[in-house]
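Scroll down for the structure; my scribbles are underneath it.
It should be emphasised that the depicted structure is a prediction, and the values quoted were computed from it without experimental measurement. The figures that follow rest on heavy atoms only: side chains count, while hydrogens, waters and symmetry mates do not.
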Amino acid sequence: MFLTFLEELRAAKIPASLKEHLLLLEALKADVIDWSITDFYYLARATYVKDEGLLDRFDMVFAKVFKGLEPTVETGTAEIPEDWLRAVAELNLSAEELAELEKLGWDKLMETLKERLEEQKKRHEGGNKWIGTAGKSPFGAQGSHPEGVRIGQDKGRNGKAVKVWDKREFKNLDNSVELGTRNIKVALRRLRRFARDGAADELDLAETISGTAKKAYLDIVMRPERHNAVKLLLMLDVGGSMDPHVKVCEELFSAARSEFKHLEFFYFHNCPYEALWKDNKRRWAERTPVMELLHKFPHDYKLVFVGDASMSPYEINYPGGSVEHWNEEAGDVWMQRMLDVYHSAAWLNPIPEKSWGHSQSIQMIKTIMENRMYPLSLEGLDRAMRELTRSH
């Protein structure tokens, strides 16, 4: 069974090695846990999972391999027949009836359950005491007690069980899901290089104490605030096929503005050409020539494009290929000029990576970027930040 567990973890792309497998077996042999499925779950998770982004994936693998092995309480004397636990009915209670049910509290809940397991000799359906289905009892399945122990049901109907080890609480940490602002901030923090610049407006407590001790009088020392010194140029694709991705782009933009003091952003449509803009409402009236941008911002800026790269191939490699105006030079010419100045660059694509092979334009942009295209997921953004921190 444990070898099957190891194989399933690897199949789910959780880096589980033989060394970790042997460590788990050694821990079990040393009796470091009580023999319960819940304790084993936490031990196995601590042994195999080194990245919080894999927690949800681990939970799903654990549930798949060890499904049906969980004893809700270990009494050593009572065994729950499987047919007792099959859901056959559902009881609808009024708000008044639900209000009448008293919460037992955890210790009392477990103590009472042990007693019921020892006393009960047959299946029970309905009611408010025995373990069974569709009742007011805090033990069983498909009942309506506000706080109970779920027994023999794949998932809770009311979400009120207090002992469910397989409750998936880490969905938002899965490193294959799209990002929210909070998770984007966490991922962007990999791209940090702190420095102190600007006005000295922050108290340096350590130096103040040291100076005061040396001089025998109060010597207040101020210092500049510590900021992320990384400089970022953010290029955002807008309109057309990017409309469904507006939310995640807004979250990325919001997170980037809070993480980077030196952030400059510009918009483009489908592919960058000779001019970009900062205000979509005035995109034709107020435009910034790319050549001006290349001379204004030094080469130590990190360049990040955000777009789905989904367009006609003509928009990338032909003059006049733009769907909005006549471009004298092809889009790939302008992209290459930008990449020649900003060597540290990446492209973030909101389209799932598995779909990239079906689009000619995505493959073309990926080639121009020298394969530095990454999906907008926790895992993809982490890869992109690693690329941007690499020496070029």
Side-chain angles (χ1 to χ4, degrees), residues 13 51 53 175-179 183-193 228-238 241-242 245 248-249 251-253 255-256 259-260 262-273 276 290 293-294 297-311 313 315-317 330-392:
K13 297 184 178 180
D51 182 348
N175 61 13
S176 63
V177 301
E178 289 188 351
L179 299 165
N183 286 336
I184 291 175
K185 287 182 179 181
V186 173
L188 290 178
R189 284 169 189 166
R190 183 179 292 279
L191 190 62
R192 291 187 293 186
R193 186 177 70 249
N228 187 355
V230 171
K231 302 172 184 178
L232 185 65
L233 271 175
L234 188 62
M235 305 292 168
L236 300 161
D237 185 6
V238 293
S241 58
M242 281 296 293
H245 309 296
V248 69
C249 288
E251 291 170 343
L252 174 64
F253 181 57
E259 290 298 319
F260 299 99
H262 305 286
L263 170 68
E264 297 292 338
F265 68 93
F266 295 90
Y267 295 107
F268 67 94
H269 178 60
N270 286 352
C271 188
Y273 295 108
L276 308 169
V290 170
L293 180 148
L294 298 180
F297 302 108
H299 65 87
D300 59 344
Y301 270 79
K302 312 287 187 182
L303 178 62
V304 176
F305 295 96
V306 182
D308 59 6
S310 299
M311 67 197 94
E315 295 182 69
I316 300 173
N317 58 3
D332 59 356
V333 173
W334 287 105
M335 281 196 62
Q336 194 58 55
R337 284 176 179 152
M338 297 173 75
L339 294 173
D340 287 342
V341 174
Y342 307 110
H343 298 262
S344 184
W347 186 293
L348 299 174
N349 196 327
I351 294 178
E353 191 170 6
K354 63 183 179 181
S355 303
W356 293 356
H358 305 303
S359 169
Q360 183 180 356
S361 62
I362 290 179
Q363 293 304 311
M364 293 171 68
I365 293 293
K366 187 178 177 184
T367 299
I368 295 170
M369 294 296 302
E370 299 179 342
N371 292 321
R372 291 174 293 177
M373 179 180 284
Y374 307 94
L376 259 182
S377 65
L378 275 174
E379 184 269 341
L381 193 50
D382 184 69
R383 284 160 52 196
M385 295 305 103
R386 289 178 185 274
E387 167 60 32
L388 294 174
T389 55
R390 191 167 60 88
S391 299
H392 293 270

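Residues Gly307 and Asp237 approach most closely at CA-CB, 3.7 Å, considering heavy atoms. Between Met364 and Pro313 the shortest heavy-atom distance is SD-CB, 3.7 Å. Minimum interatomic distance between Met369 and Arg372 (heavy atoms only, all atoms of both residues): O-NE, 2.9 Å. Between Met311 and Asn270, the closest heavy-atom pair is CE-O, 3.0 Å. For the residue pair Tyr374 and Gly380, the shortest heavy atom distance occurs at CB-O, 3.4 Å. When all heavy atoms of Met338 and Leu294 are compared, the closest pair comes out as CA-CD2, 3.9 Å.
In this structure, Tyr273 contributes its side chain and Phe268 its backbone to no donor-acceptor pair below 3.5 Å. With His269 contributing its side chain and Val238 its backbone, the two residues share a donor-acceptor pair below 3.5 Å. Under a 3.5 Å cut-off, the side chain of Ser344 and the backbone N or O of Leu388 do form a donor-acceptor pair. Tyr342 contributes a side-chain N or O that, together with a main-chain N or O of Phe297, makes up a donor-acceptor pair within less than 3.5 Å. Looking only at distances, a side-chain donor or acceptor of Ser361 sits under 3.5 Å from a matching main-chain atom of Ala309. A donor-acceptor pair under 3.5 Å is absent between the side-chain atoms of Asp308 and the main chain of Pro350, judged by distance alone.
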Worksheet item: Step by step, would you call Leu276 with Met235 a side chain to side chain contact (heavy atoms under 4.5 Å, CB included)?
Response: CA-CA 9 Å; Leu276 308 169; Met235 305 292 168; 3.7 Å; yes

Item to complete: Any chance you could lay out the side chain to side chain contact (heavy atoms under 4.5 Å, CB included) test for Arg337 and Val341, step after step, and finish with the verdict?
Response: CA-CA 7 Å; Arg337 284 176 179 152; Val341 174; over 6 Å; no

Worksheet item: Does the side chain to side chain contact (heavy atoms under 4.5 Å, CB included) test come out yes or no for His343 and Leu303, once each step is laid out?
Response: CA-CA 8 Å; His343 298 262; Leu303 178 62; over 6 Å; no

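With sequence neighbours left out, the side chain to side chain donor-acceptor pair (under 3.5 Å) criterion links Ser310 to no other residue. By the side chain to side chain contact (heavy atoms under 4.5 Å, CB included) test, Glu353 is found to be paired with Trp356, Pro375, Arg383, residues two or more places apart in sequence or in another chain being considered.
If you take CG on Asn317 and SG on Cys271, they are separated by 9.5 Å, rounding to the nearest 0.5 Å. Taking NZ of Lys302 as the start and NZ of Lys231 as the end, the distance is 11.0 Å to the nearest 0.5 Å. A distance of 5.5 Å separates CG in Leu233 from CG in Leu293, rounded to the nearest 0.5 Å. Summarising the geometry, atom CE belonging to Met385 is positioned 6.0 Å from atom CG belonging to Leu348; distances are rounded to the nearest 0.5 Å. The CG atom of Asn349 sits 7.5 Å away from atom NE2 of His245, with the distance rounded to the nearest 0.5 Å. To the nearest 0.5 Å, atom CD1 of residue Ile365 and atom OG of residue Ser359 are 9.5 Å apart.
Classification of the Phe253-Phe265 ring pair by plane angle, with boundaries at 30° and 60°, yields perpendicular.
Side-chain contact between Leu339 and Ile368 is present, with at least one heavy-atom pair separated by less than 4.5 Å. A heavy-atom distance below 4.5 Å is not found between the side chains of Leu234 and Phe305.
No hydrogens or angles considered: nothing links the side chains of Asp332 and Gln336 as a donor-acceptor pair under 3.5 Å.
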